[in-house]
Amino acid sequence: MSKEIEVTLLPSGQKIKAAEGASVSEILGKAAAGKLLIAAKLDGQLVDLNQKLDRDACLEAIDKDCPEAIKILRHSAAHIMAQAVRALFPEARIAIGPAIENGFYYDFDVERPFTQQDLEQIEEGMRKIISQKLAFSRKDMPREEAIGLFSSMGEKYKVELLEEFRDPTVSIYQQGDFIDLCRGPHIPQTGVLRAFKLTGVAGAYWRGDEHNRMLQRIYGTAFFDVESLKKYLTFLEEAQKRDHRRLGKELDLFSFSDEVGAGMVIYHPKGALIRHILENFEKREHLLRGYQIVIGPTLLKTDLWKKSGHFDHYRENMYFTEIDEQSYGVKPMNCLSHMLIYKSKMRSYRDLPLRYFELGTVHRHEKSGVLHGLLRVRQFTQDDAHILCTPDQLNDEIKSIIDFVSEVMGIFGFEFEIEISTRPQDSIGSDEDWQRATSALTHALEEKGYDYFVCEGEGAFYGPKIDIKLKDALDRRWQCATIQCDFTLPERFDLNYIGADGARHRPVMVHRVILGAMERFLGVLIEHYAGAFPVWLAPVQAIIVTVTDAQLDFAGAVCAQLRSRGVRVEVDTRSEKLGYKIREAQMQKVPYMLVIGDKEVQGAGVAPRKRDGTQLGLMTSSEFADLVEKECLESSKGRVGLNIV
RNA sequence: GCCGGCGUAGCUCAGGGGUAGAGCAGCUGAUUCGUAAUCAGCAGGCCGCGGGUUCAAAUCCCAUCGCCGGCUCCA
């Protein structure tokens with residue numbers, strides 16, 4: 001006669017009796033009425049449906065609509081893929097295969113890289129496995145036994161992982177003839193996987209270390225139903241349409257040239273104009289907040305880079321040249337001249353904080369493989385500032401930078417994630433300084449009530465930092481704003497100020513950018529707006545389209561009037577039909593099209609048509625200029641009207 | 001930098017050892033038209049750059065530059 005246990009069902013709180021040794025699915029089966037169960041939470045821990053219960057516990061069903069379910073499905077899909085790969089490539093060694101943000105991957109050590117045809121075959125193999133409805137079964141075993149098991153299979157990567165595990169017991173999962181080291185849980189059987197697609201293959205270093213062997217990684221995604229998969233694939237297509245590299249070409253904003261070199265942006269008139277607007281906007285915002293605009297040189301003697309520590313810690317990313325037998329370094333950061341400005345005279349505590357702002361163009365030798373449109377380039381301009389303050393002022397300074405970032409991002413409508421990065425291996429300064437700087441950053445964020453992630457060991461070589469990440473159209477995150485504490489440069493340059501006590505003190509330094517790099521920000525901005533810039537940023541705010549050539553003279557006069565008001569307007573003078581010219585303006589995402597036919601000439605006005613197709617009816621050009629100005633101010637939250645350029 | 005893929009007209013792409021192709025854009029002409037593509041004609045190319053194999057290379061091989069997807073690294 002078996003004992004009874006009491007199970008509390010969550011979230012209802014209902015208590016039911018069950019036989020000791022009953023499985024999760026047996027217990028939940030009755031309560032789950034028709035829902036597709038994926039797994040369960042046993043006292044808060046995710047477990048498989050066939051897990052047996054031997055004590056009183058709380059149990060919560062995980063059906064396919066729970067947020068955890070999709071991760072479990074994708075993780076199981078990775079196992080199924082690995083099984084298919086092993087069937088096709090018996091010599092393949094398996095590494096790791098987790099669920100990731102939009103899917104899953106699995107890394108394999110294989111003789112030759114996978115091809116597109118291989119992927120199709122693997123998909124076919126997966127479909128076969130799915131149709132067999134193989135159960136995922138879990139087995140716990142002592143770590144030593146697992147090492148023996150995987151050694152006998154030749155799975156050296158699994159053995160390497162196991163050898164570093166501390167737990168005496170590990171779990172393995174098996175479906176069909178495929179065995180994998182895994183914490184689980186998994187879907188009950190392979191047939192649960194209904195919709196999946198292998199999306200790509202790429203090289204990836206074992207354990208993410210470039211000194212290790214490069215494995216072959218297959219990416220895929222999976223969903224509970226085919227419609228969701230289709231929706232996701234459509235999303236990817238849509239995202240590709242707003243890729244800034246594509247829009248940059250279509251909207252004639254910028255280009256790259258292999259004759260010029262990789263990672264060097266060539267701004268075309270419209271792209272340059274947007275950047276110009278952004279930069280003017282930035283200068284005003286900085287002056288408003290007590291920053292002083294400064295300008296430093298591009299080439300600085302290598303000796304100075306040695307003094308700052310850049311030569312020892314950042315040389316790999318720098319370009320050097322020689323002038324009159326003197327070695328110079330092209331600046332990868334703007335801080336040095338700002339330090340020299342500070343040092344140019346005696347400073348009092350009454351002068352602090354000093355905030356030096358520079359739209360500084362820097363060059364960094366990024367590895368060729370990381371270059372990516374505007375988002376990762378070798379020459380870029382930062383909206384950079386260095387704040388020198390007393391240690392007491394540090395917290396307030398950081399808080400006001402965070403406010404600055406949040407106000408600016410609000411204007412563009414960006415949401416962001418915040419990360420704090422702590423001391424890396426290759427770094428300078430004392431532990432005590434790092435500790436002080438790191439806690440200054442965390443305190444400021446906590447006082448402002450922001451959530452943040454901590455990235456251990458990801459800081460700059462000279463100090464810890466707060467990074468603000470924006471997402472691109474393809475869901476990749478890009479660092480834009482960053483706030484970096486630096487206790488070491490003031491030391492190396494022997495910066496000081498005279499305190500109220502008459503003695504010399506060391507100021508604290510903060511490096512910070514708001515938009516980050518103008519290039520990257522513009523790239524993310526293009527994708528954010530899908531190329532349809534708000535009027536205050538649009539390089540062409542209105543385009544005049546005439547019904548026939550007969551109205552061209554009047555169109556020219558209107559254009560001149562609007563330009564004198566600061567409206568960025570052009571005339572399409574081609575002898576094309578109205579519809580043709582409208583279509584073109586539409587595809588160029590111009591905010592306003594000003595239609596001029598005989599009626600408008602008669603009425604001495606224009607008929608604006610908005611980008612979304614709405615027509616505003618006849619108005620004078622002056623009324624239209626007022627309208628554009630009002631919209632600029634509204635969309636820029638009062639910052640920018642018509643007179644930005 | 002590493003693994004894989006790819007460079008053909010301004011753009012998007014076809015052609016895969018035997019005379020270089022299409023659509024769009026451009027130019028010229030006709031059309032003068034009311035809110036997302038008027039018609040016709042013309043022009044446009046060291047097939048990324050450099051080597052090699054071959055009677056013959058856009059096509060095959062090597063090297064190089066650049067681009068794309070990842071990895072590593074970063075604003």
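FYI, side chains are in, hydrogens and waters are out, and symmetry mates aren't considered; it's all heavy atoms of this structure. Below, chain A is the first sequence line, B the second, and so on; all start at residue 1. Source: prediction; values computed, not measured.
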Looking at A:R611, does any N or O in its side chain come under 4.0 Å of the phosphate oxygens OP1/OP2 on B:rA36? no
Whole-Å gap separating P (B:rU31) and NZ (A:K581): 16 Å
Salt-bridge criterion met for A:E282 and A:R275 (N-O under 4.0 Å): no
Please determine, for the side chain of A:Q484, which listed nucleotide (B:rA75, B:rU35, B:rC71) has the closest atom? B:rA75
Would you classify A:A202 as touching base, sugar-phosphate or nothing, given that sugar-phosphate means primed atoms plus P, OP1 and OP2, and contacts are heavy atoms under 4.0 Å? base
Is it the case that B:rC71 (base atoms only) and A:R207 (side chain only) share a donor and an acceptor within less than 3.5 Å, ignoring hydrogens and angles? no
Classify the ring geometry of A:H286 against A:F357: parallel below 30°, tilted from 30° to 60°, perpendicular beyond 60°. parallel
Mind checking A:V513 for me? I need base, sugar-phosphate or nothing, with any heavy atom below 4.0 Å counting as a touch. nothing
With sugar-phosphate meaning primed atoms plus P, OP1 and OP2, does A:V362 contact a base, only sugar-phosphate, or nothing at under 4.0 Å between heavy atoms? nothing
Name the orientation class of the two ring planes belonging to A:Y319 and A:H365 (parallel below 30°, tilted from 30 to 60°, perpendicular beyond 60°). tilted
Testing the 3.5 Å rule here: is there a donor-acceptor pair between the side chains of A:Y291 and A:E358? no
Please report the distance separating the C1' of B:rA37 from the corresponding atom of B:rA14, rounded so that it comes out in whole Å. 23 Å
Would one find a side-chain N or O of A:R378 under 4.0 angstrom from OP1 or OP2 of B:rC73? no
Take the angle between the ring planes of A:H310 and A:F461 and call it parallel below 30°, perpendicular above 60°, tilted in between. perpendicular
Between B:rA25 and B:rC39, how far is it from one P atom to the other, in whole Å? 10 Å
Does B:rU38 have a Watson-Crick or wobble mate here (both distances under 3.5 Å), and if so which one? B:rA30
Quick one: is B:rC74 close enough that its OP1 or OP2 comes under 4.0 Å of any side-chain N or O from A:H365? no
I want to check one thing: is the phosphate of B:rU12, taken as OP1 and OP2, less than 4.0 Å away from some side-chain N or O of A:K249? yes
Under 3.5 Å, is there any donor-acceptor pair linking the side chain of A:E316 to the base of B:rG1? no
Which value, in whole Å, describes the distance between the P atoms of nucleotides B:rG45 and B:rA9? 10 Å
Which part of the nucleic acid, if any, lies within reach of A:E576 when heavy atoms closer than 4.0 Å are counted: base, sugar-phosphate only, or nothing? base
Separation between the P atoms of B:rG7 and B:rC13, rounded to whole Å: 10 Å
Is A:Y205 side chain donor-acceptor paired with the B:rG70 base, going by distance under 3.5 Å alone? no
Is a donor-acceptor contact shorter than 3.5 angstrom present between the side chain of A:R364 and the base of B:rC73? no
Using atom P of each nucleotide, how far apart are B:rU59 and B:rU54 to the nearest Å? 16 Å
Taking for A:D598 and for A:P113 the nucleotide of RNA chain B with the nearest heavy atom, the one nearer the 5' end belongs to A:P113
Counting any heavy atom closer than 4.0 Å, what does A:G579 reach on the DNA or RNA strands: base, sugar-phosphate only, or nothing? sugar-phosphate
Counting any heavy atom closer than 4.0 Å, what does A:K465 reach on the DNA or RNA strands: base, sugar-phosphate only, or nothing? sugar-phosphate
Within this structure, what is the NE2-to-P distance between A:H268 and B:rC11, rounded to whole angstrom? 11 Å
Within less than 4.0 Å of OP1 or OP2 of B:rG1, is there a side-chain N or O belonging to A:S368? yes
For the pair A:F414 and A:F412, name the ring-plane relationship: parallel under 30°, tilted 30 to 60°, perpendicular over 60°. tilted
Touch class at under 4.0 angstrom, heavy-atom based, for A:R574 against every strand present: sugar-phosphate
Just to be sure I understand the rule, does A:G369 reach a base, reach only the sugar-phosphate, or reach nothing, if contact means heavy atoms closer than 4.0 Å? base
Upstream residue (5' side of RNA chain B) when A:V377 and A:F114 are each assigned their closest nucleotide: A:F114
Give me the distance, rounded to whole Å, that separates B:rG50 from B:rC42 when you measure between the C1' atoms they each carry. 35 Å
With sugar-phosphate meaning primed atoms plus P, OP1 and OP2, does A:E584 contact a base, only sugar-phosphate, or nothing at under 4.0 Å between heavy atoms? nothing
Report the distance from atom CG of A:D107 to atom C1' of B:rC71, rounded to the nearest whole Å. 9 Å
What's A:G203 touching, base or sugar-phosphate or nothing? Going by heavy atoms closer than 4.0 Å. base
Spacing of the C1' atoms in B:rG48 and B:rU35 (rounded, Å): 43 Å
If you define the side chain from C-beta out and look only at heavy atoms, does anything of A:V571 sit under 4.5 Å from A:I543? no
How is A:R520 classified with respect to the nucleic acid when contacts are heavy atoms under 4.0 Å: base, sugar-phosphate, or nothing? base
Counting only side-chain N and O atoms of A:Q586, is one of them less than 4.0 Å from OP1 or OP2 of B:rA36? no
Please confirm whether A:F89 and A:F108 have ring centers closer than 6.0 angstrom. no
Side-chain N,O (A:Q588) to OP1/OP2 (B:rA36) below 4.0 Å: no
Using 4.0 Å as the upper bound for N to carboxylate O, is an ion pair formed by A:R477 and A:E419? no
For A:Y580, answer base if it contacts any base atom (sugar-phosphate contacts may also be present), sugar-phosphate if it contacts only those atoms, and nothing otherwise; contact means non-hydrogen atoms under 4.0 Å. sugar-phosphate
Atom CD1 of A:I468 and atom P of B:rA75: how far apart are they, to the nearest Å? 12 Å
How would you label the contact of A:F256 with the nucleic acid (heavy atoms, under 4.0 Å): base, sugar-phosphate, or nothing? nothing
When we call it a touch if two heavy atoms are under 4.0 Å apart, what does A:A262 touch: a base, just sugar-phosphate, or nothing? sugar-phosphate
For A:I266 and B:rG10, give me the distance from atom CD1 to atom P, rounded to whole Å. 16 Å
The glycosidic conformation of B:rG16, counting syn as within 90° of 0 and anti otherwise, is syn
What interatomic distance, in whole Å, is found between C1' of B:rG17 and the corresponding atom of B:rC47? 14 Å
